[in-house]
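Worksheet for the structure shown next.
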Amino acid sequence: MKKMACVLILTVMTAGVLAGCGQKKEGGTVSTDGSTSMEKVIGALGEAFEQDNEGVTFTYNPTGSGTGIQAVSEDRCDIGLSSRSLKDEEKAQGLTETVLAYDGIAVIVNPENPVSDLSLETIAGIYKGEITNWKDAGGENGEIVLIGREAGSGTRDGFESITKTEDACKYRQELTSTGDVITTVAGNPNAIGYASLASVAENVKAVSVNGVAPSEETVKDGSYVVQRPFVLVTKDDKKLSETARKFFDYVTSSDAADTISGAGVVPVK
Amino acid sequence: MKNKKIFENVVHGVFLILGLITVGCVLLITVYLFAAGIPAIREIGLFPFLFGKTWESTSADPSYGILPFILTSIYGTAGAMILGVPIGFLTAVYLSKLAPKRVKAAVGAAVSLLAGIPSVVYGLVGMLVLVPGIRKLFHLADGASLLAAIIVLAVMVLPSIIKVSITALDAVPEEYEYASLALGATPIETYFKVSVPAAKSGIAAAVVLGIGRAIGEAMAVMMVSGNVANMPGLFESVRFLTTAVASEMSYSSGLQRQALFSIALVLFLFIMLINGVLNLLLKGKKEA
């Protein structure tokens, strides 16, 4: 009896494992992979696309811009997502970029901080370590604490290239997610950081840059200068599957504009 | 009869395969780490890689020196041991020898719970309570520092140190202690001069296990240490070997990514060294 039970359990377990492999969904799939900053916008687009096309499965793998670009070049996904423009070496690998939307990068300070406007030069000066006290930037006496993102992050790349502070930032903390940056700035009255405009919460204050407050309108008309593109990455020599093509056409059409702006970023069309 | 034998063999085979999965994983990881880690070291050069003082992996003229990470990992682990070992060791002596049964059960359960708390929770509490606390206490501009990481690590290594030490102390034969007491030694003298020396290899193993836990921790440390590639200082923002890999991996490319694998390889060698020492200590215990 005992051994029968054993055999039975083994069989059931094996069957269970095998059953997992056999499942196949009806309809096509679209897989995307890349930038964590694009989670909100691509999630909303995927949901809308799934609703309009029954039986279609949309997947998004939040790995980071670099990983997403690599994934599409290795055929591990249909569309790569990057929150920075492609580098020349990446374009040379046969990849094409299509701008989906623009994201404003907000410069954030603690709500206790009286500073509410900074010029782009002052921000650059602060991040390069030339201005180290808030009293030199229009605030109260206190050492400025620079909070940034880790090397290779799309937000950091975007921020540093816009403010022309590449490789010159004297960070006090390099954090690995937008949420960590916001939490840290919210917890330190002398901190300054940067984060996606869409993810700025109420516990931090987004300062205006050159007198222009960050908002969808000011990013769209270009008057708010700290902004970067959200890019769809595809492979030149590989034709997208029918479903992926349909998704690509949908998100780049004006039909998707409402969904995109609903996610807090600014659509191209 | 025949059926029974076949069945025995089948089950034997299944267990063998399951056992080999572990060995296979270790082999795969070892081979992969060496294969992935060596190219970057070759390109950068072993000496500039291990002893270079600047890490600027994404700058226009990148430099890949990991000495700050190595020293931070060593200092951070040493600091955690300086704080954690006395607390853990004395707790173990108390729980094993002095504590009433109920206290032992209650504290034991608390220690097990401490071991089960996910490291991200340690990190979160550290980030929200410890870091601002250090900032206010020492009047710093920012509290994310080596000190914060040391404190978090010290708490995290306590369960390993306490549990393994208790096991070692419990295993000391009662006769040793009775003999000492009969000779007129007080209980405290007995515990520290008879029980502890008898359990010393087990306690040493506990410490080494704690070191392994501390040096391999990434998540909690990443949230409280600031993650800037500075040379270590108690109130500096620092980056550990583990966090160097974890923080840059998601967006890395090219030589930067390969260098991250090389850092992982260095970390792996550290862990192997620690495991080697642990095995040596445990072997010594059996022979003694």
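Here is how names work: the chains are called A, B, and so on, in the same order as the sequence lines, proteins then strands, and each is numbered from 1.
Here the side chain of R172(A) pairs a donor or acceptor atom with the backbone of A144(B) at under 3.5 angstrom.
The environment of K53(B) atom NZ is sparse: at most 12 non-hydrogen atoms of other residues, nucleotides or ligands sit within 6.0 angstrom. Sparse packing is recorded around CD of E140(A), with 12 or fewer heavy atoms of other residues, nucleotides or ligands lying under 6.0 Å away. Around atom OH of Y122(B), more than 12 heavy atoms belonging to other residues, nucleotides or ligands sit under 6.0 Å away. Around atom CG of D88(A), no more than 12 heavy atoms belonging to other residues, nucleotides or ligands sit under 6.0 Å away. The 12-atom threshold is exceeded at CZ of F138(B), counting heavy atoms of other residues, nucleotides or ligands nearer than 6.0 Å. Within 6.0 Å of CZ in R76(A) there are more than 12 heavy atoms belonging to other residues, nucleotides or ligands. Residue Y75(B) places its OH atom among 12 or fewer non-hydrogen atoms of other residues, nucleotides or ligands, all under 6.0 Å distant.
Within the 4.5 Å cutoff, side-chain heavy atoms of R135(B) are placed close to those of P189(A). Side-chain contact between T67(A) and R257(B) is present, with heavy atoms from C-beta onward closer than 4.5 Å.
Going from atom CE of M222(B) over to atom CG of D180(A) covers 7.5 Å, rounded to the nearest 0.5 Å. Once rounded to the nearest 0.5 Å, the distance linking CG of D61(B) with CG of D167(A) reads 9.0 Å.
Heavy-atom pairs under 4.5 Å with chain A were tallied for M223(B), M127(B), R239(B), E56(B); the largest tally goes to M127(B). Counting heavy-atom pairs closer than 4.5 Å to chain A, the top-ranked of the candidates A141(B), S57(B), P132(B) is A141(B).
Within the 4.5 angstrom heavy-atom criterion, only side-chain atoms of Q70(A), from C-beta onward, approach chain B. If you measure heavy-atom distances from L128(B) to chain A, the contacts under 4.5 Å come from the side chain alone.
Checking Q173(A) against D142(B) by side-chain atom types alone, a donor-acceptor pair falls below 3.5 Å.
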